[in-house]
Amino acid sequence: MTDKAQQSDDLYRMRHSLAHIMAAAIQQLWPDVRFGVGPVIDNGFYYDVDLGEVKLSEDDFPKIETAMRAIIDANETFERSEKPIDEALAWAEQTHQPYKQELLNDLKRSGTTEASKLNPEELGTITSSDTQVVTVSFYRNGNFVDLCRGPHVESTGKVGAFKLNRVSGAYWRGNEKNAQLQRVHGVAFKTAEDLQDYLDMVEEAKKRDHRKLGQELDLFVFSDMVGSGLPMFTPRGTVLREELINFSNQLRQRDGFEKVHIPHITKKELYQASGHWDKFGDELFLVKSQETSDELVLKPMNCPHHTRIYASKQRSYRDLPIRYLEATTVYRDEKTGELAGLSRVRAITQDDSHVFCRQDQIEEEINHLMGAAHELYITVGMALRVRLSYRDDSEAYLGTPELWQSAQEQLKNAVIANKLEYFEEEGEAAFYGPKIDFMATDALGREHQLATVQLDFVQPERFGLEYIAEDGSSQQPVMIHCALMGSVERFLAVYIEHTAGKFPVWLAPEQIRFITVNQEEATVAFAKKIAIEGRELGLRLQVDNSNESVGKKIRTAELAKVPYTIVIGDKEVTSGEVVPRIRKDMAVMDIPMTVGAEQFLKTVANEAKSRVLKTSL
RNA sequence: GCCGACGUAGCUCAGUUGGUCAGAGCGGCUGUUUUGUAAACAGCGGGCCGUGGGUUCGAAUCCCUCCGUCGGCUCCA
């Protein structure tokens with residue numbers, strides 16, 4: 001999202017002016033163009049245009065850019081003027097700009113005080129005065145006039161470096177029921193160097209793209225015969241999944257969570273009872289029984305099943321909290337255009353858990369979960385901050401205000417106790433309870449929402465969950481949903497890009513590779529012997545005794561991003577000592593040291609066990 | 001789902017004004033070589049040019065359908 005505060009005022013003006021210049025250029029080329037909005041965004045700007053039957057493509061960029069440069073070279077002055085809104089409406093009508101007209105009408109209807117609520121950043125064109133009469137501003141350069149809130153630079157020559165980079169569809173005012181306009185994007189910076197730096201950064205991000213690395217490192221695959229959004233994990237990718245899931249489980253099992261297991265299909269009645277049938281509606285995959293009249297669905301979530309386990313017998317306050325843990329896959333029929341690599345899939349594995357507890361136990365339970373999340377993200381090397389989402393004053397929330405108040409306080413206390421950076425937002429809670437979202441920052445500075453802790457006052461009610469309290473009365477427990485990674489697939493997408501595929505030893509699909517110098521019997525036998533010793537220590541390792549040069553085999557191991565590579569030749573066979581080659585991002589010393597083979601294996605096994613981020617060799 | 005771009009060997013990609021256009025590099029296989037820390041040498045295989053239709057004397061090339069991928073929109077874990 002655009003944040004003007006994060007961009008310097010100069011840069012903001014340049015980008016805004018460029019959007020305006022691009023609009024002028026497009027109008028030169030296609031005089032019938034009707035304009036939507038043209039705001040500044042991160043790194044650049046865009047303008048939404050309606051060209052009727054004309055479909056823009058990247059092939060059109062050169063001529064648009066040429067027309068833009070002509071305007072820039074002419075160094076035309078931007079002239080700002082203000083008009084009363086009715087005059088502006090007349091202008092919009094006369095110049096055949098229906099979208100501008102709509103904006104102006106909305107503005108007129110809503111009046112001055114309301115104008116600020118229209119999110120002028122998005123509309124990009126509105127200004128309002130403090131008087132009761134709303135005026136709007138126009139900018140003119142040369143023959144081109146545009147309704148625009150500005151601000152602009154003084155003249156078209158002062159706009160810095162830019163490049164058009166993308167064209168896409170965008171619904172008018174973000175509503176899919178509206179007409180679809182074409183959105184032309186550009187990136188813009190003060191200098192050509194800044195622009196180049198940005199383009200280089202984009203290039204670097206492309207190299208780290210998890211879809212590319214997933215193929216290069218042999219982690220996961222898709223098949224047309226299986227379907228879109230349905231990834232399959234290779235042996236290497238499965239190591240990553242399982243190590244992460246094991247860790248996520250361990251972090252909660254030490255706090256008393258117990259694993260459960262549920263089936264992946266269920267009668268739709270379950271979701272009718274939970275209320276999800278209405279909420280998920282067309283996202284559900286339907287399953288038809290050929291033997292019975294059952295109407296089944298693939299589960300889109302796990303909590304209703306877990307409530308059935310809870311409700312399978314009578315619970316006492318002494319039994320609480322009851323904590324269920326299960327990494328399992330849910331299925332959601334996403335719109336095809338939304339699927340993307342592992343970030344957005346139709347088979348979603350959640351490292352899910354549910355606590356059923358008394359109201360006075362919320363804080364301690366949250367406390368445990370926060371601690372677990374904190375440890376997970378420290379271990380994978382991502383900075384974490386949390387968002388506390390509270391209710392607001394509206395009536396849209398279920399559960400008593402007292403319960404909300406108490407729960408929100410307990411959430412906050414737990415966050416403070418865990419010394420996490422946090423911010424609070426009212427009105428962001430789900431209708432069924434307040435929540436904590438964890439925002440993790442990756443190596444490229446991008447923030448991702450992965451883990452969530454969500455309180456739920458509604459499902460216990462809907463499913464009639466209860467426990468017998470100390471005084472013999474029947475009470476309703478509170479449910480706490482939590483997924484530390486969120487979804488394993490999305491987490492992996494983020495994590496693969498975060499590490500660029502250079503996984504730490506505990507996660508590396510292949511931790512050590514032994515490379516033989518020759519195919520002599522003694523050499524191969526020695527390599528195989530220590531490989532067996534390593535596997536006995538739980539290490540994942542391979543012996544490469546292919547008939548290739550040592551250089552070639554080193555290169556292959558490097559490209560596979562194997563943490564440790566060891567060349568085995570006569571020297572090693574004779575001495576029993578090895579010289580580990582340490583992957584460059586991990587190396588802590590320049591000179592490789594010599595170490596006894598057995599000692600080396602034990603050291604690596606310890607690194608894996610303790611999940612260290614970098615090598616200690 | 002919508003708008004746009006795209007789909008050629010396992011991978012990365014050439015080849016499209018319709019007519020020796022089925023190509024390269026890497027990978028694979030075979031042989032020679034026995035290699036010491038980022039690419040030894042030679043040979044050989046390998047593709048219904050995403051799918052199904054259409055136009056044409058002739059389609060990887062033009063048109064339509066479907067499937068899939070990518071960039072956005074919308075939605076979301």
Side-chain angles (χ1 to χ4, degrees), chain A residues 41 46 48 50-51 54-60 165-185 206 209 211-212 215-216 218 221-230 279-280 282-283 300-302 329-330 332-352 437-438 448-452 454 481 483-491 493-494 513 515-520 523-524 545-560 565-572 579-584 592:
Chain A
I41 52 172
Y46 69 77
D48 285 349
D50 182 346
L51 292 173
V54 179
K55 299 300 172 202
L56 291 177
S57 75
E58 299 198 0
D59 299 338
D60 296 310
N165 65 335
R166 182 176 295 149
V167 59
S168 61
Y171 298 108
W172 169 235
R173 310 192 83 168
N175 186 332
E176 67 181 313
K177 292 191 175 64
N178 286 342
Q180 194 156 33
L181 310 184
Q182 299 186 72
R183 177 167 294 179
V184 187
H185 293 256
K206 268 190 204 161
D209 189 308
R211 293 165 293 201
K212 183 169 138 70
Q215 184 183 66
E216 287 174 4
D218 189 22
V221 295
F222 290 89
S223 159
D224 284 4
M225 291 178 79
V226 174
S228 63
L230 300 170
K279 181 182 182 301
F280 276 86
D282 52 7
E283 269 189 50
M301 67 234 326
N302 312 308
T329 308
V330 298
R332 299 182 190 173
D333 197 1
E334 304 282 355
K335 293 175 182 173
T336 53
E338 293 167 352
L339 302 172
L342 292 184
S343 335
R344 206 57 192 277
V345 295
R346 295 199 288 180
I348 307 154
T349 308
Q350 299 177 320
D351 58 332
D352 211 358
D437 288 316
F438 295 75
H448 307 270
Q449 197 237 296
L450 297 167
T452 310
Q454 169 80 59
H481 310 256
L484 294 182
M485 289 188 277
S487 97
V488 178
E489 290 79 17
R490 176 178 281 186
F491 183 90
V494 170
R513 183 174 297 187
I515 289 174
T516 56
V517 172
N518 54 44
Q519 274 74 54
E520 308 285 336
T523 314
V524 176
N545 67 343
S546 59
N547 182 7
E548 296 286 351
S549 67
V550 170
K552 176 68 169 291
K553 291 198 272 191
I554 293 280
R555 178 181 153 80
T556 307
E558 285 278 350
L559 291 174
T565 308
I566 293 192
V567 176
I568 303 288
D570 293 344
K571 279 184 278 184
E572 287 72 21
V579 182
R581 182 187 167 98
I582 304 168
R583 199 179 62 205
K584 287 186 184 65

May I ask you to verify if any side-chain N or O of [X] is less than 4.0 angstrom from the OP1 or OP2 atom of [N]?
X        : N      : answer
A/Arg166 : B/rC70 : no
A/Ser549 : B/rA40 : yes
A/Lys552 : B/rG27 : yes

Has the side chain of [X] got a donor or acceptor that lies under 3.5 Å from a partner of the other kind on the base of [N]?
X        : N      : result
A/Arg344 : B/rC75 : yes
A/Glu338 : B/rU74 : yes
A/Glu334 : B/rA77 : yes
A/Tyr171 : B/rG72 : no

Pick base, sugar-phosphate or nothing for [X], based on heavy-atom distances below 4.0 Å to the nucleic acid.
X        : value
A/Val517 : base
A/Glu572 : base
A/Gln215 : sugar-phosphate
A/Gln182 : nothing

Q. On RNA chain B, nearest-nucleotide positions of A/Gln350 versus A/Ser228: which is more 5'?
A.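 On the 5' side of the pair lies A/Ser228.
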Q. Can you tell me how far P of B/rU12 sits from CD of A/Glu216, to the nearest Å?
A.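 Going from CD in A/Glu216 over to P in B/rU12 covers 9 Å.
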Q) How far apart are the closest heavy atoms of A/Arg513 and A/Ala560, and which atoms are they? A)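 In terms of heavy atoms, the two residues are closest at NH2-CB, 4.0 Å.
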